[in-house]
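Single-structure report; data block below.
In what follows, every heavy atom counts, from backbone to side chain, and hydrogens, waters and symmetry copies are set aside. None of the values given here were measured: they were computed from a predicted structure.
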Amino acid sequence: SYGKLPSLTVGSTTYHDVVHMQEREKLYYHHVGGGPVNNYDYFYAKNVGVIRKIRYYFDDPSTGDTTDLVNYYIAPH
């Protein structure tokens, strides 16, 4: 479900305080009178940023692909 998750494991790393949100992108092609719907699920970890993105079409997760964070670096301030 969307909203706050207590944690999410991506690869071998467990991130805490994760927020899950979804973006729906409806495309409309005038010459065919419609178009696809792209869905993007984003998972943000506190103090890290985006840790996972899932993209799929027409509300069918089996059509999607997942992009996971591999590593990150937080520059000193």
- Message: Please find the pair of heavy atoms, one from H16 and one from S7, that lie closest to each other, and give the distance.
- Response: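 Residues H16 and S7, closest heavy atoms: ND1-CB, 3.6 Å.
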- Task: Locate the shortest heavy-atom distance separating S62 from D60; write the atom from each residue and the value.
- Result: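 Taking S62 first and D60 second, the nearest heavy atoms are OG-OD1, 2.7 Å.
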Give every donor-acceptor pair under 3.5 Å between a side-chain atom in residues 65-77 and any protein atom, sequence neighbours left out.
{"from": "D65", "atom 1": "OD2", "to": "R55", "atom 2": "NE", "distance (Å)": "3.3"}
{"from": "D65", "atom 1": "OD2", "to": "R55", "atom 2": "NH2", "distance (Å)": "2.6"}
{"from": "D68", "atom 1": "OD1", "to": "R52", "atom 2": "NE", "distance (Å)": "2.6"}
{"from": "D68", "atom 1": "OD1", "to": "R52", "atom 2": "NH2", "distance (Å)": "3.4"}
{"from": "D68", "atom 1": "OD2", "to": "R52", "atom 2": "NH2", "distance (Å)": "3.1"}

If two hydrophobic side chains count as joined below 4.5 Å and joins carry through other members, does [X] share a cluster with [Y]?
X   : Y   : answer
V50 : M21 : yes
Y40 : V37 : no
L8  : Y42 : no
F43 : V10 : yes

Sequence neighbours excluded and cut-off under 3.5 Å, please list the side-chain donor-acceptor pairs for residues 26-33, or say none.
none

- Out of curiosity, K4 NZ to K46 NZ, how far, rounded to the nearest 0.5 Å?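 With rounding to 0.5 Å, NZ (K4) is 7.0 Å from NZ (K46).
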